[in-house]
There are 2 protein chains.
Amino acid sequence: MPRNRREEAARHGITGRAATINDIARLAGVSKKTVSRVINRSPLVRADTREKVEALMREVGYVPDPLARGLAFRRSFLIGMIYDNPTAQYIVDFQYGALDALRNSGFELVVHPCDSRSPDYVSGVRSFVLQQKLHGVMLVPRVSEDQALADMLQEVGCRYARVAAVCLDAPERSVITHDRDGAAEVADYLQTLGHRDIAMITGPAAYRSAMERTEGFVGALQRRGIEVPKSRVVEAGYTFESGVAAAEKLLGARQRPTAIFCFNDEMAAGVYRVAMRAGIQIPQQLSVVGYDDSPLASRLWPPLTSVRRDTRDTGRIAAAMLLQGEGEARAVASVRPHLIIRDSCQPPQ
Amino acid sequence: MPRNRREEAARHGITGRAATINDIARLAGVSKKTVSRVINRSPLVRADTREKVEALMREVGYVPDPLARGLAFRRSFLIGMIYDNPTAQYIVDFQYGALDALRNSGFELVVHPCDSRSPDYVSGVRSFVLQQKLHGVMLVPRVSEDQALADMLQEVGCRYARVAAVCLDAPERSVITHDRDGAAEVADYLQTLGHRDIAMITGPAAYRSAMERTEGFVGALQRRGIEVPKSRVVEAGYTFESGVAAAEKLLGARQRPTAIFCFNDEMAAGVYRVAMRAGIQIPQQLSVVGYDDSPLASRLWPPLTSVRRDTRDTGRIAAAMLLQGEGEARAVASVRPHLIIRDSCQPPQ
DNA sequence: CTGAAAGCGCTTACAG
DNA sequence: CTGAAAGCGCTTACAG
């Protein structure tokens, strides 16, 4: 209760301003250095001293000033989120997750979207990190795949957590999303339904995540004796419009595939659009699967089967990674995708 | 070019660390107070002194440390964004807009989602603002409508910018979104198409924005001689599911309305779902209008006519407002909604 | 286990 | 128009 804390503080002679380390030191009858040790959880404080100081801090509602601490530490209490991602839901979910981990930690989340196609975006991130003296940054796909960015962060000594389809870095800096497995699960599902002529609308091959999904999907089908010819693979750009264009190519062919796996839900919506205009029934005449399991997936008709990524968890794990001590060795962090089955697939006619 | 700047800095005897105000003062042959005056754009500096100092700062790539400045100012260089909004696209667009305004200003954006239904969320914001010594915060609907929150910010002396349907505060703290006008435009459009039996799926009446839209819509229809009976107004919660429930009520009636105005696109998607299941053709048998013009609007089939809000502009204006000097009087800031016509409406049969 | 001194990189308050 | 001193609220480096 703030009011009580303020009264408590007033009782101790602190009025009209926030308590400082000097107030706590004076009231506890110790030096400010000792209070500092308590704040920083140094073991070099006698248990009863620690308890007395902690009780006092709670009583007057003392919170150390992050600006002063940051100045002395030469490092702020800010975590940056670096991203270049077109999907709003992903960004917001990731932010929520990161904030879950940061709650009550004294750290705050600073957002930094950027344009990874711009030639000087790395130096833009460099300035951001250096000027704000960030405690660490989270690298979200697609920027997480950029080795030049990671190298720059190493060079300037900024810690980071890297979210990517596979382990691209030291395990203590990696959160792995296993896109290969997500795509393989889709392949197994479509094969089990009986599909043999299956197409794919992928993301740009330059992205590792797109390659992983492609290989995961094609590999799983091959293992079950199904080949995916080149003509059934259309590279697109993760946008609705690129999905429309890709679908026109696939559905305009003499022989249509019986199923299409799209690397995100936006492109799957593009397939729906083209199918609707061409009078092709989903799922009766065409099965469709998306990736992301965004809200859009359940808004479409028929509701779209899609691969869910636990984005909030991913954000939580990435942020938690940055709060951990430097030295603490740890296992590789993973989040696993899984297929959410709705109504957009059925056995081929 | 950072490398050149680093070499330049090295030439001046600054190596292995960022330049400080002391370096600049020494190199310029002035006191650090004079450099400080240049940083803070004080007029009390001779023109040639200013130019010399500024040239030097550029040369060595000097940027004042926000932590040190913040500590001395007792106020950080952080702008907070306070929100409790279920629509991801709105949040992301607003963030982009705010960052547009903050670019090259030395300020950064710290995000703070919260749950306005939680009883102690105001005190949560209070701690956030006080502990981080925020320079200011942006209040986004719906939290922007909470007078208790605004009062708290006044009390603790934190400046804020308030985005709301109408002016709820001093003009220099308000960005007005004119929801009334957006709703009226929908009413005029539907009336012009010939609709007379028009329904509405609203947001919670407790929200001012929902009331504004309701009154704007009903008022515009009344001016054209059309009444909206109570039975045609269903209150819902801005979610897809609540839209489904509301649509079931409206479309299950003996006499169906010929048009439905939904207070967001998510709920309009709910209407689509129910119409699809009931075999009601949109727009032949039912016209539908949404609000937000989210990506979903153009993904639905038929593409949804919807009211666009320029959310990125709104964020830009709100952030710019916080960067302005205290005293500068200014006109009320406005963003105007406008109807985007797609294919979900036609004259009633 | 504890503390006095100096310092982080800026600004305020004051003097000239 | 300019500057020397003190201070913002913490921590580091050192001494005991």
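Quick note on labels: first sequence line is chain A, next is B, and so on, each numbered from 1. These numbers were taken from a predicted model, which means no experiment stands behind them. Heavy atoms only: backbone and side chains are in, while hydrogens, waters and symmetry mates are out.
For B:K32 and B:G29, each mapped to the nucleotide of DNA chain D holding its nearest heavy atom, the one lying further toward the 5' end belongs to B:G29. Each of B:A68 and B:D48 was matched to the nucleotide of DNA chain D holding its nearest heavy atom; the match closer to the 5' end belongs to B:D48.
Qualifying ring-ring contact (aromatic ring centres under 6.0 Å, His included) partners for A:Y96, counting only residues two or more places apart in sequence or in other chains: none.
Rounded to the nearest 0.5 angstrom, B:M57 CE and B:D23 CG are separated by 13.0 Å. Here the CZ-OG1 distance, from B:R26 to B:T20, works out to 8.0 Å after rounding to the nearest 0.5 Å.
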Exercise for review: Dump the intermediate steps for side chain to side chain donor-acceptor pair (under 3.5 Å) on A:Q95 and B:Q95, then the final yes or no.
Suggested key: CA-CA 12 Å; A:Q95 289 179 0; B:Q95 290 178 0; 3.0 Å; yes
Check your understanding: side chain to side chain contact (heavy atoms under 4.5 Å, CB included) between A:V53 and A:Y62: does it pass, once the steps are laid out?
Key -> CA-CA 11 Å; A:V53 171; A:Y62 168 72; over 6 Å; no
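Exactly one residue among B:S144, B:S116, B:C114 makes a side-chain contact (heavy atoms from CB on, under 4.5 Å) with B:I82. That residue is B:C114.
Counting only N and O atoms by type, the side chains of A:Y121 and A:D84 include no donor and acceptor under 3.5 Å apart.
Contact footprint of chain B on DNA chain D: nucleotides with an atom under 4.0 Å from a non-hydrogen protein atom, first to last in 5' to 3' order, D:dC1 to D:dG9.
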Review point. How does DNA chain C read in dot-bracket, base by base from 5' to 3', with Watson-Crick or G-U pairs under 3.5 Å and | used when the partner is on another strand?
Key: |||.||||||||.|||
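Looking at B:D146 and B:M152, their side chains never come closer than 4.5 Å, going by heavy atoms from C-beta outward.
Note on A:N40: only backbone sugar-phosphate atoms sit closer than 4.0 angstrom, heavy atoms only; bases stay farther off.
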